[in-house]
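We number each residue from 1, following the sequence as shown.
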Amino acid sequence: MKNLTHKTEIVILFFAISFFLSACGNLTGGISKTPIDPRSPVAIDLLSIAKNKNSKLKTFKGIGRVRVWDKGNFQVSRVAWVGWNPKRIRMEILGVSGHPVASLASDGDWVYFYIHTQQRFYKKRANTTFQNFLSLPLGSVDMIALLSGRVPIADHQSVLLKRDPVSNRYILVLKKRWRGLVEKIYFDKKKENATRVERFDSTGGLVYRAEFERLQTIAGYTVPVRLIISTAVGVIFELDIEKYWVDVPVSLPMFVLEPPKSTTRGRSSAN
(Lines give C-alpha, C1' and ligand atoms only; values in the text may rest on other atoms or scores of the structure.)
Protein backbone atom coordinates (compact mmCIF):
# COMPACT_ATOMS: atom_id res chain seq x y z
CA MET A 1 0.00 0.00 0.00
CA LYS A 2 1.24 3.45 -0.82
CA ASN A 3 1.24 5.95 2.01
CA LEU A 4 -1.70 8.32 2.40
CA THR A 5 0.28 11.42 1.43
CA HIS A 6 1.30 9.89 -1.88
CA LYS A 7 -2.26 8.78 -2.60
CA THR A 8 -3.65 12.20 -1.84
CA GLU A 9 -1.13 13.93 -4.07
CA ILE A 10 -2.02 11.64 -6.96
CA VAL A 11 -5.67 12.60 -6.53
CA ILE A 12 -4.59 16.26 -6.53
CA LEU A 13 -3.07 15.79 -9.97
CA PHE A 14 -6.38 14.52 -11.31
CA PHE A 15 -8.19 17.60 -10.04
CA ALA A 16 -5.58 19.85 -11.58
CA ILE A 17 -6.43 18.50 -15.01
CA SER A 18 -9.91 19.95 -14.73
CA PHE A 19 -8.32 23.38 -14.66
CA PHE A 20 -5.17 23.18 -16.73
CA LEU A 21 -6.11 21.08 -19.75
CA SER A 22 -8.30 22.33 -22.58
CA ALA A 23 -11.60 20.57 -23.15
CA CYS A 24 -11.75 18.32 -26.15
CA GLY A 25 -13.35 14.95 -26.66
CA ASN A 26 -14.05 11.65 -28.29
CA LEU A 27 -16.06 8.49 -27.89
CA THR A 28 -18.01 6.13 -30.05
CA GLY A 29 -21.46 4.84 -29.22
CA GLY A 30 -23.74 2.13 -30.56
CA ILE A 31 -26.60 4.23 -31.88
CA SER A 32 -29.14 3.71 -34.62
CA LYS A 33 -27.91 4.59 -38.11
CA THR A 34 -31.37 5.78 -39.06
CA PRO A 35 -31.51 9.45 -38.11
CA ILE A 36 -34.64 11.26 -37.09
CA ASP A 37 -35.36 14.47 -38.97
CA PRO A 38 -32.92 16.88 -37.28
CA ARG A 39 -35.40 19.71 -37.81
CA SER A 40 -38.09 17.85 -35.86
CA PRO A 41 -39.68 19.46 -32.80
CA VAL A 42 -38.10 16.72 -30.66
CA ALA A 43 -34.57 17.71 -31.75
CA ILE A 44 -35.29 21.38 -31.13
CA ASP A 45 -36.83 20.66 -27.74
CA LEU A 46 -33.98 18.42 -26.57
CA LEU A 47 -31.30 20.91 -27.56
CA SER A 48 -33.24 23.58 -25.68
CA ILE A 49 -33.45 21.32 -22.61
CA ALA A 50 -29.69 20.76 -22.67
CA LYS A 51 -28.93 24.47 -23.09
CA ASN A 52 -31.36 25.74 -20.49
CA LYS A 53 -30.99 23.16 -17.73
CA ASN A 54 -30.33 24.96 -14.44
CA SER A 55 -29.71 28.18 -16.37
CA LYS A 56 -30.74 30.23 -13.33
CA LEU A 57 -28.35 28.40 -11.01
CA LYS A 58 -25.56 30.93 -10.62
CA THR A 59 -23.79 29.80 -7.45
CA PHE A 60 -23.45 26.47 -5.66
CA LYS A 61 -21.22 24.55 -3.31
CA GLY A 62 -20.79 20.95 -2.23
CA ILE A 63 -18.72 18.36 -0.45
CA GLY A 64 -18.10 14.74 -1.36
CA ARG A 65 -15.69 11.92 -1.99
CA VAL A 66 -13.74 11.29 -5.18
CA ARG A 67 -12.36 7.96 -6.39
CA VAL A 68 -9.83 7.74 -9.20
CA TRP A 69 -8.68 4.71 -11.18
CA ASP A 70 -5.67 5.02 -13.46
CA LYS A 71 -3.44 2.22 -14.80
CA GLY A 72 -4.48 -0.11 -12.00
CA ASN A 73 -3.99 2.48 -9.26
CA PHE A 74 -6.90 3.46 -7.02
CA GLN A 75 -7.02 6.59 -4.87
CA VAL A 76 -9.70 8.14 -2.64
CA SER A 77 -9.95 11.66 -1.25
CA ARG A 78 -12.51 14.10 0.11
CA VAL A 79 -13.19 17.33 -1.76
CA ALA A 80 -15.16 20.52 -1.21
CA TRP A 81 -16.01 23.12 -3.85
CA VAL A 82 -17.86 26.34 -4.59
CA GLY A 83 -18.84 27.46 -8.09
CA TRP A 84 -20.04 30.64 -9.77
CA ASN A 85 -21.32 29.97 -13.28
CA PRO A 86 -19.96 29.95 -15.84
CA LYS A 87 -16.22 30.45 -15.21
CA ARG A 88 -15.38 30.70 -11.51
CA ILE A 89 -14.66 27.78 -9.22
CA ARG A 90 -12.75 26.97 -6.05
CA MET A 91 -11.93 23.42 -4.95
CA GLU A 92 -10.19 22.10 -1.87
CA ILE A 93 -8.69 18.62 -1.63
CA LEU A 94 -9.01 17.65 2.02
CA GLY A 95 -6.66 15.52 4.11
CA VAL A 96 -7.66 13.13 6.88
CA SER A 97 -7.62 16.04 9.35
CA GLY A 98 -10.16 17.93 7.26
CA HIS A 99 -7.66 20.65 6.37
CA PRO A 100 -6.86 21.42 2.71
CA VAL A 101 -4.02 19.47 1.13
CA ALA A 102 -4.35 21.37 -2.15
CA SER A 103 -6.37 24.34 -3.35
CA LEU A 104 -7.48 25.01 -6.91
CA ALA A 105 -9.29 28.07 -8.23
CA SER A 106 -10.25 29.88 -11.40
CA ASP A 107 -11.53 33.45 -11.63
CA GLY A 108 -12.21 33.21 -15.35
CA ASP A 109 -8.94 34.88 -16.35
CA TRP A 110 -6.40 32.94 -14.32
CA VAL A 111 -6.17 29.43 -12.96
CA TYR A 112 -4.42 28.86 -9.61
CA PHE A 113 -3.11 25.68 -8.04
CA TYR A 114 -1.49 25.47 -4.62
CA ILE A 115 -0.11 22.22 -3.16
CA HIS A 116 0.00 22.86 0.58
CA THR A 117 2.09 19.77 1.36
CA GLN A 118 4.83 20.86 -1.05
CA GLN A 119 4.46 24.63 -0.70
CA ARG A 120 4.20 24.92 -4.47
CA PHE A 121 2.10 27.51 -6.27
CA TYR A 122 1.08 27.64 -9.96
CA LYS A 123 -0.69 30.37 -11.89
CA LYS A 124 -1.69 30.02 -15.54
CA ARG A 125 -3.87 31.81 -18.05
CA ALA A 126 -7.32 30.23 -18.00
CA ASN A 127 -7.17 29.40 -21.71
CA THR A 128 -3.78 27.65 -21.64
CA THR A 129 -2.85 24.04 -21.00
CA PHE A 130 -0.65 22.53 -18.33
CA GLN A 131 1.17 19.55 -19.75
CA ASN A 132 2.54 18.24 -16.46
CA PHE A 133 -0.89 16.87 -15.55
CA LEU A 134 -2.10 14.31 -18.09
CA SER A 135 -5.07 12.44 -16.67
CA LEU A 136 -8.44 14.13 -17.34
CA PRO A 137 -8.62 16.24 -20.51
CA LEU A 138 -11.31 18.46 -19.08
CA GLY A 139 -11.48 22.24 -19.09
CA SER A 140 -12.55 24.23 -16.03
CA VAL A 141 -15.70 25.56 -17.75
CA ASP A 142 -16.78 21.99 -18.51
CA MET A 143 -16.20 20.90 -14.91
CA ILE A 144 -18.22 23.84 -13.58
CA ALA A 145 -21.09 22.91 -15.91
CA LEU A 146 -21.05 19.27 -14.79
CA LEU A 147 -20.93 20.13 -11.10
CA SER A 148 -23.94 22.40 -11.58
CA GLY A 149 -25.94 19.63 -13.27
CA ARG A 150 -25.51 20.73 -16.89
CA VAL A 151 -23.84 19.04 -19.83
CA PRO A 152 -21.17 21.16 -21.55
CA ILE A 153 -22.24 21.94 -25.11
CA ALA A 154 -19.48 22.12 -27.72
CA ASP A 155 -19.42 24.68 -30.51
CA HIS A 156 -21.24 23.18 -33.48
CA GLN A 157 -22.96 24.00 -36.77
CA SER A 158 -25.48 21.16 -37.02
CA VAL A 159 -27.50 18.84 -34.80
CA LEU A 160 -28.63 15.33 -35.72
CA LEU A 161 -31.19 13.47 -33.63
CA LYS A 162 -30.85 9.70 -33.32
CA ARG A 163 -32.27 6.97 -31.13
CA ASP A 164 -30.44 4.22 -29.26
CA PRO A 165 -31.93 0.91 -30.50
CA VAL A 166 -31.28 -0.80 -27.16
CA SER A 167 -32.52 1.76 -24.63
CA ASN A 168 -34.81 3.60 -27.06
CA ARG A 169 -33.44 6.87 -25.71
CA TYR A 170 -32.79 9.95 -27.81
CA ILE A 171 -29.27 11.13 -28.62
CA LEU A 172 -28.26 14.52 -29.99
CA VAL A 173 -25.21 14.38 -32.27
CA LEU A 174 -23.43 17.72 -32.64
CA LYS A 175 -21.20 18.32 -35.66
CA LYS A 176 -18.99 20.98 -37.17
CA ARG A 177 -18.99 21.60 -40.91
CA TRP A 178 -15.41 20.57 -41.68
CA ARG A 179 -14.51 18.66 -38.56
CA GLY A 180 -17.51 16.36 -38.23
CA LEU A 181 -18.54 14.83 -34.89
CA VAL A 182 -17.78 16.94 -31.80
CA GLU A 183 -20.27 15.75 -29.18
CA LYS A 184 -23.10 13.36 -28.29
CA ILE A 185 -25.70 14.14 -25.64
CA TYR A 186 -27.86 11.34 -24.21
CA PHE A 187 -31.25 11.86 -22.54
CA ASP A 188 -33.32 9.90 -20.06
CA LYS A 189 -36.40 7.97 -21.16
CA LYS A 190 -38.73 10.80 -20.19
CA LYS A 191 -36.65 13.25 -22.27
CA GLU A 192 -36.44 15.55 -19.24
CA ASN A 193 -32.73 15.46 -18.45
CA ALA A 194 -29.46 15.04 -20.30
CA THR A 195 -27.74 12.19 -18.45
CA ARG A 196 -24.51 11.69 -20.41
CA VAL A 197 -22.22 13.66 -22.68
CA GLU A 198 -19.38 12.41 -24.88
CA ARG A 199 -16.84 14.85 -26.27
CA PHE A 200 -14.71 14.09 -29.35
CA ASP A 201 -11.45 15.48 -30.72
CA SER A 202 -10.69 16.59 -34.27
CA THR A 203 -9.94 13.01 -35.37
CA GLY A 204 -13.24 11.66 -34.05
CA GLY A 205 -11.61 10.05 -31.02
CA LEU A 206 -13.04 10.13 -27.53
CA VAL A 207 -11.71 12.80 -25.21
CA TYR A 208 -14.02 12.14 -22.29
CA ARG A 209 -17.39 10.78 -21.30
CA ALA A 210 -19.27 12.32 -18.35
CA GLU A 211 -22.36 10.73 -16.88
CA PHE A 212 -24.82 11.75 -14.19
CA GLU A 213 -25.38 8.32 -12.69
CA ARG A 214 -27.83 9.74 -10.17
CA LEU A 215 -29.61 13.11 -9.95
CA GLN A 216 -31.48 14.93 -7.20
CA THR A 217 -33.72 18.00 -7.03
CA ILE A 218 -32.76 20.85 -4.71
CA ALA A 219 -34.83 24.07 -4.67
CA GLY A 220 -36.10 23.29 -8.16
CA TYR A 221 -32.66 22.56 -9.65
CA THR A 222 -31.66 19.13 -10.94
CA VAL A 223 -28.12 18.48 -9.71
CA PRO A 224 -25.89 15.40 -9.52
CA VAL A 225 -25.59 12.90 -6.70
CA ARG A 226 -22.96 10.85 -8.50
CA LEU A 227 -20.83 12.09 -11.39
CA ILE A 228 -18.57 9.73 -13.37
CA ILE A 229 -15.98 10.94 -15.88
CA SER A 230 -13.97 8.49 -17.98
CA THR A 231 -11.49 8.66 -20.85
CA ALA A 232 -10.51 6.49 -23.78
CA VAL A 233 -7.28 5.47 -22.03
CA GLY A 234 -9.08 3.98 -19.04
CA VAL A 235 -9.02 6.78 -16.46
CA ILE A 236 -12.15 6.76 -14.30
CA PHE A 237 -13.10 9.62 -11.99
CA GLU A 238 -16.08 9.06 -9.65
CA LEU A 239 -17.48 11.83 -7.48
CA ASP A 240 -20.09 10.97 -4.85
CA ILE A 241 -21.72 14.17 -3.62
CA GLU A 242 -22.71 14.05 0.05
CA LYS A 243 -24.02 17.59 0.52
CA TYR A 244 -25.03 20.21 -2.05
CA TRP A 245 -26.19 23.82 -1.59
CA VAL A 246 -27.58 26.19 -4.24
CA ASP A 247 -27.73 29.99 -4.54
CA VAL A 248 -24.93 30.45 -2.02
CA PRO A 249 -23.26 33.83 -1.34
CA VAL A 250 -19.91 34.27 -3.14
CA SER A 251 -17.35 37.00 -3.77
CA LEU A 252 -14.62 37.33 -6.37
CA PRO A 253 -11.71 36.99 -3.89
CA MET A 254 -12.90 33.43 -3.15
CA PHE A 255 -11.74 32.43 -6.63
CA VAL A 256 -8.27 33.98 -6.46
CA LEU A 257 -5.32 32.31 -4.72
CA GLU A 258 -2.26 34.19 -3.51
CA PRO A 259 0.88 32.24 -2.58
CA PRO A 260 2.20 32.58 0.98
CA LYS A 261 5.50 34.42 1.13
CA SER A 262 7.44 31.20 1.71
CA THR A 263 5.83 29.38 -1.22
CA THR A 264 7.93 27.95 -4.04
CA ARG A 265 6.58 28.88 -7.45
CA GLY A 266 6.16 26.12 -10.02
CA ARG A 267 7.95 26.32 -13.33
CA SER A 268 4.68 26.96 -15.16
CA SER A 269 3.61 29.89 -12.97
CA ALA A 270 2.39 33.23 -14.34
CA ASN A 271 2.89 32.34 -18.00
Side-chain angles (χ1 to χ4, degrees), residues 11-12 14-23 50-68 77-94 100-114 122-127 130 133 136-154 193-197 199 208 210-229 237-258:
V11 173
I12 290 169
F14 283 93
F15 273 101
I17 291 304
S18 302
F19 296 87
F20 292 112
L21 291 185
S22 306
K51 287 182 176 180
N52 295 322
K53 178 62 65 177
N54 293 342
S55 61
K56 295 182 179 180
L57 178 57
K58 300 303 180 184
T59 62
F60 58 93
K61 68 178 182 179
I63 188 167
R65 185 177 300 274
V66 64
R67 302 175 182 85
V68 178
S77 184
R78 292 184 62 77
V79 61
W81 65 90
V82 58
W84 185 355
N85 271 304
K87 295 181 178 180
R88 298 184 178 101
I89 193 166
R90 173 77 172 265
M91 302 183 79
E92 303 284 352
I93 314 302
L94 306 176
V101 176
S103 300
L104 305 100
S106 175
D107 61 6
D109 296 319
W110 294 93
V111 175
Y112 312 88
F113 180 41
Y114 176 47
Y122 300 87
K123 179 180 178 181
K124 295 287 290 182
R125 289 286 184 184
N127 61 352
F130 194 65
F133 304 109
L136 287 180
L138 195 66
S140 59
V141 172
D142 285 10
M143 178 62 84
I144 294 167
L146 291 168
L147 287 174
S148 58
R150 298 180 291 109
V151 295
I153 299 177
N193 297 298
T195 58
R196 181 169 64 181
V197 60
R199 186 68 66 83
Y208 71 84
E211 183 169 5
F212 300 120
E213 188 170 279
R214 284 191 292 156
L215 295 164
Q216 62 183 325
T217 300
I218 298 178
Y221 300 113
T222 302
V223 296
V225 176
R226 169 175 282 191
L227 171 65
I228 301 176
I229 303 172
F237 170 103
E238 283 189 1
L239 175 62
D240 286 309
I241 297 172
E242 299 168 358
K243 294 183 179 180
Y244 196 109
W245 297 266
V246 300
D247 299 326
V248 298
V250 296
S251 62
L252 186 56
M254 296 171 63
F255 306 97
V256 177
L257 297 181
E258 296 291 345

Quiz item: So how far is it from Leu146 CG to Leu239 CG, rounded to the nearest 0.5 Å?
Solution: 10.5 Å
Quiz item: From Trp81 CH2 over to Ser148 OG, what is the distance, rounded to the nearest 0.5 angstrom?
Solution: 11.5 Å
Exercise. State whether Arg226 and Asp240 are salt-bridged, where the test is any N-O pair (Lys NZ or Arg NE/NH1/NH2 against Asp/Glu carboxylate O) under 4.0 Å.
Key: yes
Practice problem: Before giving the answer on side chain to side chain contact (heavy atoms under 4.5 Å, CB included), spell out for Asn193 and Lys53 the whole-Å C-alpha distance, their side-chain angles and the decisive distance to 0.1 Å. | Solution: CA-CA 8 Å; Asn193 297 298; Lys53 178 62 65 177; 2.8 Å; yes
Quiz prompt | Note, Phe212 side chain near Ile228 side chain (heavy atom, < 4.5 Å) | solution = no
Quiz item: Once you round to the nearest 0.5 Å, how far does CZ of Arg150 lie from CD1 of Ile144?
Solution: 8.5 Å
Exercise. Check step by step if side chain to side chain contact (heavy atoms under 4.5 Å, CB included) holds for Leu252 and Arg88.
Key: CA-CA 8 Å; Leu252 186 56; Arg88 298 184 178 101; 3.2 Å; yes
Quiz item: When the ring planes of Phe60 and Tyr244 are compared, do they come out parallel, tilted or perpendicular, using 30° and 60° as the limits?
Solution: parallel
Exercise. Please tell me if the side chains of Asn54 and Val223 come closer than 4.5 Å, counting only heavy atoms from C-beta onward.
Key: yes
Quiz item: Closest heavy-atom contact between Val151 and Ala50?
Solution: CG2-CB, 4.2 Å
Quiz prompt | Closest non-hydrogen atom pair, Tyr208 against Pro152 | solution = OH-CG, 3.7 Å
Quiz item: Would you say the side chain of Pro224 lies within less than 4.5 Å of the side chain of Leu147, judging by non-hydrogen atoms?
Solution: no
Exercise. To the nearest 0.5 Å, tell me how far Ile89 CD1 sits from Lys61 NZ.
Key: 14.0 Å
Quiz item: Hey, are the side chains of Lys58 and Asp247 touching, using non-hydrogen atoms and a 4.5 Å cut-off?
Solution: no
Self-check item: Gap between atom CG of Leu104 and atom OH of Tyr112 - 0.5 Å precision
Solution: 13.0 Å
Exercise. Determine the minimum heavy-atom distance between Ser106 and Val111, stating which atoms define it.
Key: OG-CG2, 3.9 Å
Practice problem: Assess whether side chain to side chain contact (heavy atoms under 4.5 Å, CB included) is satisfied between Val248 and Val82, documenting all intermediate values. | Solution: CA-CA 9 Å; Val248 298; Val82 58; 4.3 Å; yes
Exercise. May I ask you to test the Val66-Ser77 pair for a side-chain heavy-atom distance under 4.5 Å?
Key: yes
Quiz item: Is there a side-chain contact between Tyr221 and Lys56 (heavy atoms, below 4.5 Å)?
Solution: yes
Practice problem: Kindly say whether Trp110 contributes a backbone atom to a donor-acceptor pair with the side chain of Asp107 at under 3.5 angstrom? | Solution: yes
Quiz item: Taking C-beta and beyond as the side chain, do Arg90 and Leu257 meet within less than 4.5 Å on heavy atoms?
Solution: yes
Practice problem: Flag the pair Arg65 / Glu238 as yes when at least one side-chain heavy-atom distance between them is below 4.5 Å, and no otherwise. | Solution: no
Quiz item: What's the verdict on side chain to side chain contact (heavy atoms under 4.5 Å, CB included) for Ile153 and Lys51, showing C-alpha distance, side-chain angles and the deciding distance?
Solution: CA-CA 7 Å; Ile153 299 177; Lys51 287 182 176 180; 3.4 Å; yes
Quiz item: Is there a donor-acceptor contact under 3.5 Å from the side chain of Asn85 to the main chain of Thr59?
Solution: no
Practice problem: Mind checking the CE-CE spacing from Met143 to Met91? Nearest 0.5 Å is all I need. | Solution: 5.5 Å
